[in-house]
Peer 1: 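First the structure, which I've put down as structure tokens, then a few questions once you've had a look.
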Amino acid sequence: MTIGDLIRLLSDGEFHSGEQLGVRLGVSRAAVWKQLRKLEALGIAMEAVKGQGYRLAEPLELLDGARIVAGLSRESRGLLTRLFVEETLPSSNAFLRERFDQGAGHGEVCLVEQQSAGRGRRGRPWNTPWGQSLMLSLGWRVDSGVTALEGLSLAVGVVLAKVLERHGAAPRLKWPNDVLLEQPDGGFGKLAGILVEVTGDTAGPCEVVIGMGINVGLPAAFRAGLDQPAAAVHDQAPGVSRNELAVELIEALLSLMAGFEAQGFPAWQAAWNERHAFADHEVDILRGERREAAVAEGVDGSGNLLVRREGRLERLAGGEISVRARS
């Protein structure tokens, strides 16, 4: 019995007694009770009524690998080597890096309900509630070397933005790898983070793992415990299915990677600039402990951010530089 098995039974809207759950799952009532306690520890709200049993306070849509593959176009199924759907992993990116170490990885996608050691850019932790985010990683081999991947994380941001726009959301992009949604107070909340990891030769074959962490639903209690403003897809597109999002994102990412080596970021530059959250706004540039004021402009054909500081135009590459909106 897994947590997913239990959730599938509890999310049908009906109450189930501990005895009924045990019979359905083929385990003892004691084992069911232990799993119910795990659900509480994961922050999954439940209702318990004496004499009736248990059910989830809000239904959870679990990821369904067969449904996702069936939803892909014939072209995408031809590019997809394998789809993994896992309940828990330390990191979906690390999972695919291990697949590359085993001689696989290319064209593989890993989805996970929750990561125990997920991280974003510069090693920051990425925490999400169980079963309410879309944690997705894609592996790809590139023949032309690392330089052919300039601006890839920005192009991935555009891919995600376009998918969400089809559902009525209005995401904005923050250089170099965040996707934001506007909040009721006029500020922005972080909707998604993108982490692109590349290993291999600067001029020859290399392997890239694209990781995305997207808040689909975000319970108020979980949101309140975060150290930065956060947003979720359901804030602006409440009816969107996680499985539907997974299909559309995998489709779009496979198409992106199939052509990116030949096209490069210039094919995505204008679309990124159209969605730039801080275009022509004052920002703070963080370089370690240093903080410098500037006015953000657009990005160039290599994905560098153009800023104007003290009358001079500067190009910022990724690495250890971060940009924040001035408060």
Side-chain angles (χ1 to χ4, degrees), residues 1-68 70-71 85-90 92 111-118 125-136 167-169 181 183-184 189 191-192 213-227 229-247:
M1 176 181 63
T2 67
I3 289 175
D5 294 330
L6 183 56
I7 288 175
R8 286 183 184 92
L9 290 178
L10 292 174
S11 61
D12 64 0
E14 303 296 327
F15 283 99
H16 300 268
S17 70
E19 182 178 358
Q20 291 170 337
L21 292 170
V23 170
R24 294 281 300 276
L25 297 169
V27 298
S28 67
R29 291 181 66 181
V32 169
W33 177 245
K34 287 181 181 179
Q35 290 293 71
L36 289 170
R37 295 294 297 272
K38 285 184 181 180
L39 295 188
E40 292 178 342
L42 290 169
I44 299 174
M46 289 189 302
E47 296 177 353
V49 176
K50 189 174 181 179
Q52 296 188 59
Y54 310 89
R55 70 178 179 185
L56 296 186
E58 297 289 340
L60 286 179
E61 179 198 10
L62 299 184
L63 296 170
D64 184 333
R67 176 182 169 187
I68 291 168
V85 179
E86 306 290 333
E87 285 199 4
T88 59
L89 285 174
S92 55
L111 298 169
V112 60
E113 295 287 6
Q114 188 181 53
Q115 298 184 135
S116 59
W126 180 267
N127 299 315
T128 59
W130 202 98
Q132 298 194 58
S133 302
L134 196 56
M135 317 299 293
L136 182 154
H167 295 279
L181 280 184
Q183 303 287 279
L191 171 73
I214 308 158
N215 299 323
V216 179
L218 206 55
F222 189 92
R223 198 182 300 228
L226 299 175
D227 60 1
V233 173
H234 288 167
D235 293 349
Q236 293 189 0
V240 174
S241 151
R242 285 202 306 148
N243 283 292
E244 184 178 354
L245 273 183
V247 169

Peer 1: So which atom in Arg223 and which in Ala231 form the shortest heavy-atom distance, rounded to 0.1 Å?
Peer 2: NH1-CA, 4.0 Å
Peer 1: Do Val233 and Ile214 come close enough that some side-chain heavy atom pair is under 4.5 Å?
Peer 2: yes
Peer 1: Please report the interatomic distance CG(Leu63) to CG(Leu134), rounded to the nearest 0.5 Å.
Peer 2: 6.5 Å
Peer 1: I'd like to know if the side chain of Gln236 reaches the main chain of Gly168, judged simply by a donor and an acceptor atom lying under 3.5 Å from each other, with no hydrogens or angles considered.
Peer 2: no
Peer 1: Please round to the nearest 0.5 Å and tell me the distance separating atom CZ of Arg242 and atom CD of Gln132.
Peer 2: 8.0 Å
Peer 1: Treating Ser241 as the side-chain partner and Asn243 as the backbone partner, does any N or O pair qualify as donor plus acceptor under 3.5 Å?
Peer 2: yes
Peer 1: Is it the case that over 12 heavy atoms from other parts of the model lie below 6.0 angstrom from the CZ atom of Arg24?
Peer 2: no
Peer 1: Contact between Thr88 and Ile3 at the side-chain level, heavy atoms closer than 4.5 Å - yes or no?
Peer 2: no
Peer 1: Nearest 0.5 Å please: distance from the CG atom of Asp235 over to the CG atom of Asn215.
Peer 2: 9.0 Å
Peer 1: Drop me the distance from Gln35's CD to Glu40's CD, to the nearest 0.5 angstrom.
Peer 2: 12.0 Å
Peer 1: Taking the side chain as every heavy atom from C-beta outward, state whether Glu61 and Glu244 have any atom pair closer than 4.5 Å.
Peer 2: no
Peer 1: Indicate the atoms forming the closest heavy-atom contact of Ser92 with Leu89, along with that distance.
Peer 2: CA-CD1, 4.3 Å
Peer 1: Ignoring hydrogens and geometry, is there a side-chain-to-backbone donor-acceptor pair from Glu87 to Gly4 under 3.5 Å?
Peer 2: yes
Peer 1: Is the number of heavy atoms from other residues, nucleotides or ligands within 6.0 Å of CD (Glu47) greater than 12?
Peer 2: yes
Peer 1: Which value, rounded to the nearest 0.5 Å, describes the distance between Ile44 atom CD1 and Leu60 atom CG?
Peer 2: 5.5 Å
Peer 1: Taking salt bridge (Lys or Arg N to Asp or Glu O under 4.0 Å) as the cut-off, I'd like each qualifying pair that reaches into residues 4-22, sequence neighbours left out, listed once.
Peer 2: Asp5-Arg8
Peer 1: Identify the heavy atoms of Leu218 and Ala230 that sit nearest to each other, and give their distance.
Peer 2: CD2-CB, 3.6 Å
Peer 1: CZ of Arg67 to CG of Leu62: how many Å apart, nearest 0.5 Å?
Peer 2: 11.0 Å
Peer 1: Working note: His234 + Val216, criterion side chain to side chain contact (heavy atoms under 4.5 Å, CB included); need CA distance, chi angles, decisive distance, verdict.
Peer 2: CA-CA 6 Å; His234 288 167; Val216 179; 3.5 Å; yes
Peer 1: Any chance you could lay out the side chain to side chain contact (heavy atoms under 4.5 Å, CB included) test for Phe15 and Arg55, step after step, and finish with the verdict?
Peer 2: CA-CA 5 Å; Phe15 283 99; Arg55 70 178 179 185; 3.4 Å; yes
Peer 1: Measure the shortest side-chain to side-chain distance between Leu36 and Leu10 over non-hydrogen atoms and say whether it is less than 4.5 angstrom.
Peer 2: yes
Peer 1: Could you tell me which non-hydrogen atom of Leu9 sits nearest to which non-hydrogen atom of His16, and how far apart they are?
Peer 2: O-NE2, 3.0 Å
Peer 1: If we only count heavy atoms from C-beta on, is the Tyr54 to Val32 side-chain gap below 4.5 Å?
Peer 2: no
